[in-house]
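Every value quoted in this text rests on a predicted model; they were computed, and no experiment measured them.
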Amino acid sequence: QALAFAAACKRINGIINRVNAENVAEVLAAMLAEVNVVRMRGHICRSLMTSQAHSPTFTPVYACLVAVVNTKFPEVGELIVKRL
């Protein structure tokens, strides 16, 4: 279980680090297909917030990603709001 969790965390980090304005739809589709979003919502939120802190120029891209994920899984959007 620990290995599966670590692999999922690495996948999430890789997916979020790959996102840019041109490939938001592809990255979002990959994330929804590869990752159990409800189970990994804490790590998704942490990874998004860390990535946004390191590169503020991508803030609109991360906001777009969060907005689309929030429409499908409101728990993720609620958790991000709580952690802000």
Side-chain angles (χ1 to χ4, degrees):
Q1 285 179 341
L3 293 175
F5 184 79
C9 290
K10 287 182 181 180
R11 260 185 270 135
I12 290 170
N13 287 336
I15 289 169
I16 291 177
N17 288 337
R18 238 180 20 229
V19 71
N20 59 33
E22 287 80 33
N23 67 354
V24 174
E26 292 86 15
V27 168
L28 183 64
M31 184 169 72
L32 293 177
E34 294 178 20
V35 177
N36 184 348
V37 176
V38 175
R39 178 177 170 234
M40 299 299 293
R41 66 182 178 263
H43 189 74
I44 291 171
C45 294
R46 186 180 324 120
S47 182
L48 278 167
M49 293 171 76
T50 304
S51 297
Q52 192 273 331
H54 288 307
S55 57
T57 56
F58 284 105
T59 298
V61 176
Y62 296 133
C64 175
L65 191 66
V66 170
V68 174
V69 170
N70 186 38
T71 60
K72 296 187 180 297
F73 303 100
E75 306 92 19
V76 177
E78 183 180 343
L79 184 60
I80 287 179
V81 168
K82 285 182 183 178
R83 289 190 177 184
L84 286 177

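Take Lys82 and apply the salt bridge (charged side-chain N to carboxylate O under 4.0 Å, His left out) test, not counting sequence neighbours, and it matches Glu78.
The two residues Cys9 and His43 come nearest to each other via the heavy atoms O-NE2, 3.4 Å. Closest approach of Arg83 and Gly42 over heavy atoms only: NH1-O, 3.0 Å.
For Arg41 (side chain) and Leu79 (main-chain N/O), no donor-acceptor pair under 3.5 Å exists by modelled atom type.
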What pairs of donor and acceptor atoms, side-chain ones from residues 63-77 against any protein atom, are under 3.5 angstrom apart with sequence neighbours left out?
from: Thr71; atom 1: OG1; to: Val68; atom 2: O; distance (Å): 2.5

Can you list, pair by pair, the side-chain donor-acceptor contacts under 3.5 Å of residues 19-32, counting residues two or more places apart and other chains?
from: Asn20; atom 1: OD1; to: Glu22; atom 2: N; distance (Å): 3.0
from: Asn20; atom 1: OD1; to: Asn23; atom 2: N; distance (Å): 3.1
from: Asn23; atom 1: OD1; to: Asn20; atom 2: N; distance (Å): 2.8
from: Asn23; atom 1: ND2; to: Arg18; atom 2: O; distance (Å): 3.2

Do any side-chain atoms of residues 49-59 form donor-acceptor pairs under 3.5 angstrom with protein atoms, and if so which ones, sequence neighbours left out?
from: Thr50; atom 1: OG1; to: Arg46; atom 2: O; distance (Å): 2.8
from: Ser51; atom 1: OG; to: Ser47; atom 2: O; distance (Å): 2.9
from: Gln52; atom 1: NE2; to: Thr59; atom 2: OG1; distance (Å): 2.8
from: Ser55; atom 1: OG; to: Ser51; atom 2: O; distance (Å): 3.1
from: Thr59; atom 1: OG1; to: Pro56; atom 2: O; distance (Å): 2.7

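Under a hydrophobic clustering in which Ile, Leu, Val, Met, Phe, Trp and Tyr are joined whenever their side-chain heavy atoms come within less than 4.5 Å, directly or via other members, Val37 and Val81 fall into different clusters. When the side chains of ILVMFWY residues are joined at heavy-atom separations under 4.5 Å, either directly or via intervening members, Leu48 and Val38 end up in a single hydrophobic cluster.
The CD1 atom of Ile12 sits 11.5 Å away from the CG atom of Asn17 when rounded to the nearest 0.5 Å. Atom CD1 in Ile80 sits 8.5 Å away from atom CD1 in Ile44 (nearest 0.5 Å).
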